[in-house]
Amino acid sequence: METLSKEEYKIQSFDLETQNLLKTALKDPGSVDLEKVSNVIVDQSLKDQIFSREAGRICYTIVQAEANQTNGNVFRRNLLNRLQQEFKAREETRQRSTQEWVCLVSFICNIFDYLKVDCLVLQLHRIGDQLEKMNLQLMDELFNLLRDGFLLQEDLSSMGRLLLLEILEFRAGGWILCETAQKYYYSEVTD
């Protein structure tokens with residue numbers, strides 16, 4: 001499989017207007033109709049299994065860009081709403097087209113592969129200390145798994161590794177990140 005840089009995505013299968021829409025969404029999501037972007041990505045993912053793999057990475061990049069730019073989640077909300085609709089109609093999809101069904105499953109898996117670490121870290125930032133107070137043993141088990149995931153998962157993205165390392169340090173610091181660590185982790189994310 002070819003290696004793509006952070007800025008390169010396999011969007012050549014789209015017409016020029018749609019390519020420009022996606023390129024703009026990747027860099028400046030606040031300037032485009034994010035519902036349209038999510039629909040374009042889902043529609044193409046249901047037709048093209050190769051693109052459905054790439055779509056997870058594209059969606060993750062748009063989610064991050066939107067969060068950094070406007071602290072918003074319009075794209076993620078539209079994407080998840082559309083995926084929920086597709087999932088509700090999964091039996092009809094499977095009966096209609098096995099290929100479309102495989103594409104849907106592949107796309108959903110890729111979306112959650114990119115977003116699951118991000119969502120987990122976000123939730124642990126919000127309520128990790130409360131969860132730890134409720135069940136220290138279970139939280140210790142979770143963080144042992146996170147540590148192992150950080151150290152042992154060879155296919156984990158660099159962003160996933162950074163997020164896991166940050167949450168490990170966040171908990172080790174008593175659910176507070178020192179100013180130096182804050183600058184380190186969050187300057188890396190925005191660079």
Worksheet item: Do side-chain atoms of N73 reach the backbone of R76 as a donor and acceptor pair under 3.5 angstrom?
Response: no
Worksheet item: side-chain hydrogen bond (donor to acceptor under 3.5 Å, both in side chains) with R96: which of E100, E92, Q99?
Response: E100
Could you pull out every donor-acceptor pair under 3.5 Å between side chains of residues 134-141 and any protein atom, sequence neighbours left out?
| from | atom 1 | to | atom 2 | distance (Å) |
| --- | --- | --- | --- | --- |
| N135 | OD1 | Q137 | N | 3.4 |
| N135 | OD1 | L138 | N | 3.0 |
| D140 | OD1 | R171 | NH1 | 3.4 |
| D140 | OD1 | R171 | NH2 | 2.6 |

Practice prompt. Go through the structure and list residues passing side chain to side chain contact (heavy atoms under 4.5 Å, CB included) with S31, not counting sequence neighbours.
Written response: T24, D28
Worksheet item: Are H125 and V121 close enough, and set up right, to give a side chain to side chain contact (heavy atoms under 4.5 Å, CB included), and what steps lead you there?
Response: CA-CA 6 Å; H125 269 277; V121 168; 3.6 Å; yes
Worksheet item: Would Q84 and K88 count as a side chain to side chain contact (heavy atoms under 4.5 Å, CB included) if you check the C-alpha gap in whole Å, the side-chain angles of each, and the deciding distance to 0.1 Å?
Response: CA-CA 6 Å; Q84 188 174 30; K88 284 180 181 176; 4.1 Å; yes
Worksheet, complete the sentence: The reported gap from CG in L21 to CD in Q19 (rounded to nearest 0.5 angstrom) is 11.0 Å
Item to complete: Group every Ile, Leu, Val, Met, Phe, Trp and Tyr by side-chain heavy-atom contacts under 4.5 Å, then state whether L164 and L145 land in the same group.
Response: no
Worksheet entry | Close side-chain approach of I167 and F143, heavy atoms under 4.5 Å | yes
Worksheet entry | Among D48, I41, L46, side-chain contact (heavy atoms from CB on, under 4.5 Å) partner for F107 | I41
Response to the item:
Rounding to 0.5 Å, atoms CD1 (I62) and CG (L22) come to a distance of 6.5 Å
Discussion item. Under 4.5 Å between side-chain heavy atoms, counting indirect links through other Ile/Leu/Val/Met/Phe/Trp/Tyr residues: same cluster for I127 and L122 or not?
Written reply: no
Worksheet item: Are side-chain heavy atoms of R94 and V105 found at a separation under 4.5 Å?
Response: no
Fill in: Pairs satisfying ring-ring contact (aromatic ring centres under 6.0 Å, His included), at least one member in residues 14-34, at least two apart
F14-F51
Practice prompt. Look at the side-chain heavy atoms of Ile, Leu, Val, Met, Phe, Trp and Tyr, link any pair under 4.5 Å apart, and say whether W101 and I50 land in one connected group.
Written response: no
Worksheet item: Distance from E169 atom CD to Q182 atom CD, nearest 0.5 Å?
Response: 10.5 Å
Worksheet item: Under 3.5 Å, is there a donor-acceptor pair between the side chain of S106 and the main chain of C103?
Response: no
Worksheet item: Roughly how far apart are L34 CG and N39 CG, rounded to 0.5 Å?
Response: 11.0 Å
Discussion item. When you compare the side chain of R147 with that of N144, does any pair of heavy atoms fall below 4.5 Å?
Written reply: yes
Discussion item. For the CG atom on N71, are there more than 12 heavy atoms of other groups (residues, nucleotides or ligands in this structure) within a distance under 6.0 Å?
Written reply: no
Practice prompt. State whether the number of non-hydrogen atoms from other residues, nucleotides or ligands found under 6.0 Å of E17 atom CD is greater than 12.
Written response: no
Worksheet item: Hey, are the side chains of N81 and R77 touching, using non-hydrogen atoms and a 4.5 Å cut-off?
Response: yes
Worksheet item: Do the side chain of E66 and the main chain of F75 share a donor and acceptor less than 3.5 angstrom apart?
Response: yes
Practice prompt. Would you verify whether the NZ or CZ of R57 falls within 45 degrees of the ring axis of Y60 while also being under 6.0 Å from that six-membered ring's centre?
Written response: no
Practice prompt. Show the numbers, then the answer: is there a side chain to side chain contact (heavy atoms under 4.5 Å, CB included) between V63 and L79?
Written response: CA-CA 10 Å; V63 165; L79 178 66; 5.5 Å; no
Worksheet item: Which heavy-atom pair separates L124 from F170 by the least distance, and what is that distance?
Response: O-CE2, 4.4 Å
Discussion item. Please check: side-chain N/O of R90 versus main-chain N/O of F87, any donor-acceptor pairing under 3.5 Å?
Written reply: yes
Practice prompt. To the nearest 0.5 Å, tell me how far L165 CG sits from L146 CG.
Written response: 11.5 Å
Practice prompt. Indicate yes or no: at least one non-hydrogen side-chain atom of Q130 is less than 4.5 angstrom from one of K133.
Written response: no
